Structure formats: C-alpha cells, structure tokens
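Reading through the structure tokens given below for one structure.
Just so you know, these numbers come straight off a predicted model, no measurement behind them. Indexing begins at 1, ligand by ligand and atom by atom, following the structure's order. Just so it is clear, the values below take in all heavy atoms, side chains as well, and ignore hydrogens, waters and symmetry mates.
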Amino acid sequence: MYLTPGAASTLGERLLQHGISRRSFLKFCSILASSMALPAAIAPRMALALSNARPCVIYMSFQECTGCLESLLNSHGVAIENLILDAISLDYQETLQAAAGHQSEQWRDEVIAANYGKYILIVDGSIPQDGNSGYFVSAAESGLARLNKTAAGAAFIVAVGTCASFGGIAHAYPNPTGAVGVRDIVKDRPIINVSGCPPIAEVITGVLAYYLTFQKLPTLDSLGRPTVYYGKTVHDDCYREESYEDGPRAKSFDDSFARNGNCLFNLGCKGPVTHNACSTLRWNQGTSFPIQSGHGCIGCSEPDFWDAGGLYVRGPEADAEHDD
Ligand code: SF4
Ligand code: F3S
C-alpha cells in the first residue's frame with residue numbers, strides 16, 4: 001500500500017523484495033481461488049494478474065467506527081497475505097495518510113483528476129443523507145457532496161461493511177443523521193456491497209482479486225453482495241446444525257449443550273436468515289467465528305439488523321419441540 005506518489009511498484013516486484021517464491025505465491029492464489037469457489041487451475045492466471053496490476057484506489061470513510069479498516073489490516077499476519085493489498089495503489093485513505101482537512105481534500109481532487117473513470121472507490125461508514133445537515137463536514141464540504149464528487153469518476157464502488165452497504169448502526173432508529181448506504185445515494189455506478197460488522201477480511205481482498213483477475217465484477221445477489229460469499233446463510237454450513245433439527249438446543253450461553261456444540265437458535269441466533277461466509281471461511285485466518293465462540297449470530301451482514309427483532313430475541317420456532 002502506498003500513500004505517497006512515486007513509491008509505486010508492482011506486486012511482482014514487492015514479492016521479490018520480500019523473498020517470497022513464485023511457488024508460495026501460486027499456493028496463496030490457489031487458496032484465494034478456492035475461497036471464491038473457482039477451480040485451482042485459475043491460480044496462475046490470478047497470480048499473473050495480481051503481479052502486474054496497480055489500479056488506483058480511493059478509500060473514503062464516512063460515519064463508521066474504523067472496525068472495517070481494522071478488520072482488513074489486522075487480520076493478515078502472514079506477509080504473503082499482506083501483499084495482496086500491494087496489488088492496488090491505495091492513493092487516498094484518511095486514517096492512514098498524514099494529510100488532513102483542506103490538504104487532504106486537495107490531494108483527493110488531484111487523484112480523481114489523474115485517474116478519472118478508472119479508479120476503484122472503497123467506502124466504509126454510512127452517509128448522512130441531508131447535505132446541509134452539518135453532519136460529517138470536512139474542509140467545509142458535506143459528506144454527501146464529497147461522496148457524490150468522488151463516485152462520479154469511479155469505475156465501480158466497493159461498499160465495505162454494513163454501514164456503507166445498508167446504513168448500519170447509524171441508520172438504526174431514530175437515525176438522527178438520516179444515515180443511508182452508498183446504494184441509496186449513488187445510482188449510476190456499479191456497487192459491490194461487502195456487508196458485515198465488520199466484513200471478513202478475506203472477502204474484501206477476494207472481491208478485489210476477482211476484479212483484478214477477470215476485469216469484471218463478480219455475480220451479485222439482490223442486495224448487491226457477491227453470491228460466492230453471500231449466497232448461503234451462516235446456518236447452511238454451521239457445525240451445530242444437527243441439533244437445530246433434532247435437538248437438544250442450548251438453553252443458556254453457559255449450559256452443557258452450548259459448550260458441547262449444540263444449536264444456539266433458542267438463544268436468539270440469526271444464522272438461518274443471515275447471508276455470510278462465516279461458517280465456511282471463519283475469522284482470523286480460519287480460526288473461529290462467533291457461533292464457534294459460543295455466541296449466536298446477530299445477523300450483522302443483513303440490512304436493519306440493529307432494529308430487526310433484537311439481537312437476542314428468540315425466533316418463532318424457538319419454543320418448539322427441540323427445546324430440550
Ligand atoms: Fe443455525 Fe445458529 Fe443453530 Fe448454527 S447455532 S445451527 S447457525 S441456528
Ligand atoms: Fe456477523 Fe453472524 Fe458472521 S453476527 S460475523 S454474520 S456469524
């Protein structure tokens with residue numbers, strides 16, 4: 001990743017600098033391809049595309065908690081996985097760059113002008129819809145105006161996180177800032193929603209790798225999310241699924257059923273109605289995911305999850321025959 005002009009090099013050159021062999025990189029590409037349900041034979045093509053690519057990326061943050069960026073940056077401990085981010089030229093990111101205020105806005109204007117129509121815009125955080133509200137102003141410009149100006153020159157937009165995708169927590173009742181997701185404002189650019197609070201880092205990098213390899217967007221569901229990662233529910237591949245059907249289900253978070261891998265549905269798990277790759281990809285390089293840690297899914301990748309029924313409210317089937 002680079003935030004200064006003139007420091008750019010291809011991923012291939014960076015790999016050499018880090019002493020990473022072509023064999024290791026190909027193996028990494030095979031794993032990445034497999035996470036996207038692509039055949040392993042695609043790995044050499046992906047490796048070539050990633051090695052030579054340097055698309056300009058502008059990453060803008062709006063009403064957010066920085067969790068999405070943290071997820072992207074901190075979940076990758078292994079050098080080769082870090083280097084996937086070197087396949088892009090990250091030319092603007094407010095949290096990481098030194099510039100602020102007018103200086104920062106001027107720099108973004110220059111990046112937009114130099115790459116108009118070609119750059120990828122990544123957005124996290126929700127956008128206050130009323131441009132004159134006074135919320136989220138930088139250098140005397142509203143967040144809404146800044147988004148519209150930057151979106152106009154983007155090849156496509158990646159909305160990272162549930163806030164940028166659907167409004168997230170700021171959109172929850174009573175939504176004092178009129179917060180919405182990018183798709184509610186920008187209507188004339190392709191938008192990929194990578195929802196989740198935060199999203200899984202491998203899903204974000206996988207979406208970028210797919211575009212760099214095939215020069216097209218992945219297939220999206222009706223909510224604009226890549227079907228390869230959001231086509232199934234968390235419940236579909238949950239390892240506790242057997243006791244969802246046949247019981248017994250856990251009655252409290254610390255009972256023996258919860259500890260022994262039984263279903264958490266009666267404790268409010270939203271896995272059956274939540275589309276995400278948590279139960280297959282898992283988190284922190286495949287270590288675990290919320291349900292494996294003993295907590296039900298709260299539906300964080302779905303629209304309105306803060307308002308839709310409560311995080312711990314039991315579903316209507318919860319009192320049925322599998323209660324014990
Ligand atoms: Fe489904 Fe949740 Fe039970 Fe897993 S814990 S089987 S996701 S209801
Ligand atoms: Fe979110 Fe549910 Fe996964 S709460 S992190 S979608 S298990």
Side-chain angles (χ1 to χ4, degrees), residues 35 64-65 67-72 74-75 124 159-169 172 193-204 206 221 223-324:
S35 83
E64 46 81 39
C65 67
C68 294
L69 184 63
E70 284 285 331
S71 174
L72 180 62
N74 286 348
S75 296
D124 66 19
V160 168
T162 297
C163 293
S165 298
F166 310 125
I169 186 169
N193 285 330
V194 182
S195 61
C197 189
I200 302 171
E202 285 83 347
V203 174
I204 306 171
D221 69 10
L223 294 174
R225 302 173 297 193
T227 54
V228 67
Y229 295 117
Y230 296 90
K232 295 168 86 174
T233 66
V234 172
H235 175 80
D236 285 337
D237 291 307
C238 179
Y239 73 104
R240 297 182 188 247
E241 201 275 339
E242 193 176 322
S243 59
Y244 173 87
E245 294 295 342
D246 302 327
R249 296 172 180 170
K251 294 177 178 172
S252 70
F253 285 110
D254 59 351
D255 71 12
S256 60
F257 298 120
R259 287 198 297 272
N260 290 329
N262 289 54
C263 176
L264 306 175
F265 186 79
N266 286 15
L267 301 173
C269 180
K270 306 293 189 298
V273 291
T274 302
H275 295 80
N276 207 341
C278 302
S279 50
T280 48
L281 282 184
R282 308 198 178 189
W283 285 78
N284 300 321
Q285 293 155 354
T287 304
S288 185
F289 70 117
I291 291 166
Q292 192 174 345
S293 302
H295 195 287
C297 170
I298 59 172
C300 79
S301 54
E302 296 296 325
D304 300 318
F305 83 99
W306 289 97
D307 289 331
L311 304 186
Y312 297 97
V313 174
R314 294 151 52 117
E317 303 88 350
D319 297 316
E321 71 250 45
H322 303 312
D323 206 21
D324 32 47

With a cut-off of 4.0 Å, which atoms of ligand 1 are near a heavy atom of Glu241?
-> 6 (S)
When you measure from the side chain of Ser71 to the backbone N and O of Gly67, does any donor-acceptor pair fall under 3.5 Å?
-> no
Mark up the atoms of ligand 2 that fall under 4.0 Å of a heavy atom belonging to Thr274, in ascending order.
-> 6 (S)
Under 4.0 Å to a heavy atom of Pro272 - the qualifying atoms of ligand 1, by number | 8 (S)
For Ser256, does its backbone N or O pair with a side-chain atom of Asn260 as donor and acceptor, under 3.5 Å?
-> yes
Consider only side-chain N and O atoms of Thr162 and Ser195, and report whether a donor and an acceptor are under 3.5 Å apart.
-> no
For ligand 1, which atoms have a heavy atom of Gly271 less than 4.0 angstrom away?
-> 7 (S)
Can you tell which of His295, His235, Lys270 gets a heavy atom nearest to atom 6 (S) of ligand 1?
-> His235
Side chain, backbone, both or neither: the part of Pro290 lying under 4.0 Å from ligand 2 by heavy atom = side chain
For ligand 1, which atoms, with element, lie under 4.0 Å from some heavy atom of Cys269?
-> 2 (Fe), 5 (S), 7 (S), 8 (S)
2.8 Å cut-off met by an N, O or S atom of Cys278 to atom 3 (Fe) of ligand 2 = yes
Could you tell me the residue and atom name of the protein heavy atom closest to atom 6 (S) of ligand 2, and the distance to it rounded to 0.1 Å?
-> Asn276 ND2, 3.4 Å
Would Phe289 and His295 count as a ring pair (Phe, Tyr, Trp, His ring centres under 6.0 Å) if you check the C-alpha gap in whole Å, the side-chain angles of each, and the deciding distance to 0.1 Å?
-> CA-CA 9 Å; Phe289 70 117; His295 195 287; over 10 Å; no
Donor-acceptor pair, Asp221 side chain versus Arg225 backbone, under 3.5 Å?
-> yes
Ignoring hydrogens and angles, state whether a donor on the side chain of Asn262 or Arg249 is under 3.5 Å from an acceptor on the partner side chain.
-> no
Distance-only, no hydrogens or angles: does the Asp246 side chain make a donor-acceptor pair with backbone N or O of Ser243 under 3.5 Å?
-> no
If you scan protein heavy atoms around atom 5 (S) of ligand 1, the nearest is Leu264 N, 3.3 Å
Would you find a donor on one side and an acceptor on the other, under 3.5 Å apart, between the side chain of Asn193 and the backbone of Val160?
-> no
Under 3.5 Å, is there a donor-acceptor pair between the side chain of Arg282 and the main chain of Pro290?
-> no
Any idea which protein heavy atom is nearest atom 3 (Fe) of ligand 1, and the distance to it?
-> Cys263 SG, 2.4 Å
Nearest heavy atom to atom 2 (Fe) of ligand 2: which of Cys197, Gly271, Gly196, Cys297 does it belong to?
-> Cys297
Protein heavy-atom partner closest to atom 1 (Fe) of ligand 2 - residue, atom, separation in Å | Cys300 SG, 2.3 Å
Minimum heavy-atom distance between Asp124 and Cys68, given as atom pair plus value | OD2-CB, 3.9 Å
Proximal atoms of ligand 2 relative to Gly299 (non-hydrogen, under 4.0 Å) | 4 (S)
Check whether any N, O or S atom of Cys238 sits under 2.8 Å from atom 3 (Fe) of ligand 1.
-> no
Could you tell me the residue and atom name of the protein heavy atom closest to atom 4 (S) of ligand 2, and the distance to it rounded to 0.1 Å?
-> Ile298 N, 3.2 Å
Heteroatom N/O/S of Cys297 within less than 2.8 Å of atom 2 (Fe) of ligand 1 | no
Asp237 (side chain) donor-acceptor with Thr280 (main chain) under 3.5 angstrom = no
